[in-house]
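Nothing here was measured: the structure is a model prediction, and the numbers come from that model.
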Amino acid sequence: MARVTLQNIEKSYGDVHVVKRLNLDVADGELVVLVGASGCGKSTTLRMVAGLETITSGELQFDGKVVNDLSPRQRDIAMVFQSYALYPHMTVFENLAFGLRLRQMPQVEIDKRVGEAAALLGLNELLARKPAALSGGQRQRVAMGRAVVREPSAFLFDEPLSNLDAKLRVQMRLEIAKLHQRLGATMLYVTHDQVEAMTLADRIAVMHEGVLQQCASPNEIYATPSNTYVATFIGSPAMNLWRVPTAQQTSAEVAVLGVRPQDLLPCGQADATVQLRVEVVEPLGADTFAYGEAVDEHGRSLSDKAALADTDVHTRVRAESASVVRLDPHTAVRPGELLPLTADPARMHKFDRTGNRVN
Amino acid sequence: MSATKKGFPPWALHFLLVPITVATLYPALYVIKLALSGTGGASASPWPWPETFSLDAFSAVVGHKGSDGSWLFGRQLANSLIVSLSTTALGITLACTAAYGFARFEFPGRRAGMLGFLATQMFPGILTMIPLYVLMQKLNLLDSMLGLILVYATTTVPFCTWTLKGYFDTLPKEIEESAIIDGATRLQIFWRIILPLSAPAIAVTALFSFMTAWNEFVLAYTFLSREAAYTLPVQIRGYVGDKDVQWALFAAASLVVSAPVMALFYSLEKQLVGGLTAGGVKG
């Protein structure tokens, strides 16, 4: 398996800069998830690593060797596509064996590798079938099998679970996690689904508008987001972003206060950090979410547009949505109530006007 | 069905469909009637079923011999087959490769090339006859099958290229990218992925190409002067004389000429149905 290094990678289509000075190091055997909203440049980055897109500038290295000008075949990588991209006229066996045949591998070796991959992914009964006779989950397993048989230096996954239904997605996510554990392979995985990112990744790389925002372990990204984009992108429901209440104002540098919905606890009026003017209550069984407008001790809105006018765009966008708090399902709360809430200062996130974290 | 659901009565539908069916079938039935009426003159009766049943006209057409006693029909059948199959093979080979290039690669003149192909289809074929005749004469290709094959192939290539490009455009690029990742070259992708997946489109295009060459009369009649070099449509014209028309032979020859096209159509039926790409990518 290979170590994959992206150094100052850029991709432009004419005047449109899709990926900007991207630096990322994927260690040997590591699973890094590139995550971000549609159009953030994550798939383009993956395709540049695969060799399906040219690199405008920067260096791509496999184990320290520059591979910018190498063909996908020479890079020895395998890729699993969102749309499966199986060969419809070939059986599952032939789909798995195609890459090996192109390398003129002996038939005995092909049979052995296909057999092992089929056993690993539970495809033994399906080897004689064509893709049209398979379910979505089976097709995606074949697509993964096609990558596994090659024993490549790195695996690339381009939103492999996006076309599956919710139940199957969970199942396949576990299979990919198991596959990574068994193979110990270097994997670069693209998704827009933060749950996939959090559950699969050794490290998550969050991208936005072609720029890498933060790359860290799932826990670190969640606990210490580097800016308001990461703070609101990772975690569901998204982190609340407010102007700093007067009582909490400790530094002129801090312009935005972030608190995750589960870090807010109902309390007595005297201990309240903020109050939520409840508008909607959503009981979900295990949790109850209360949505509404957060106000300070004087009843002034913490999402006030004027107060947040000079903050970054992500703060302003988040402030336009309702504030939210996660409550114990037994908490009695009704729309129209003013719910006093407190938060552990250690769990509050502070950002400056540009949206960057202030430690 | 929807018409019936909306209250359009079935008898009204049949009232429309029956005369359309009769009008469609009548000429074909009348040709069969003529062909089965023996080698005598044409019947004056308008009814499309034969008054007598005779295969004499078929025997006369198939057994047609030249002045030197050679089996002329066999020779002309072979001419037609060689010309049509060669035209199809050459046309499809050129059209497949050209269409793949137009569908998948960006290069200067790509759009102009496709529009140029389209433009050639807008002029009546007769317009090219004189220059083609001069060209063939200079190349010493008159009265030769090779000349006819080249002319037919070049006239069918633009249409075939457009048809195939349209189909190649519908094939998901991810399948090719997947093959690139698997280590396939462009040529391997073309042979092992694109062509098998395009079997339905290639079958349709091949059928069109074969039919065009098999049925073509005007160019063959212009370029061929020796009876032994004739293709079958030119020979059929021979049954229409200056003073009389041998309708039974004309009809029987028409049916004999139609038979291979029909056989080809049925043999390609499975490919024509298509649907080969089902399941390759998420639909």
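- Checked by atom type, the side-chain pair A/D25/A/T5 shows a donor-acceptor distance below 3.5 Å.
- A/R103 touches chain B through its side chain: at least one heavy atom from C-beta onward sits under 4.5 Å away, while N, CA, C and O do not.
- Looking only at atom types and distance, the side chain of A/Y189 has no donor-acceptor partner in the side chain of A/E159 under 3.5 Å away.
- With a 4.5 Å cut-off on non-hydrogen atoms, B/E177 touches chain A through its backbone and its side chain both.
- Between B/Y100 and B/F190, the ring planes lie tilted relative to each other; the angle falls in the 30° to 60° range.
- The cationic atom of A/R129 (NZ for Lys, CZ for Arg) does not lie both less than 6.0 Å from the six-membered ring centre of A/F93 and within 45° of the ring axis.
- Proximity to chain B involves both the backbone and the side chain of A/I77, based on heavy atoms less than 4.5 angstrom apart.
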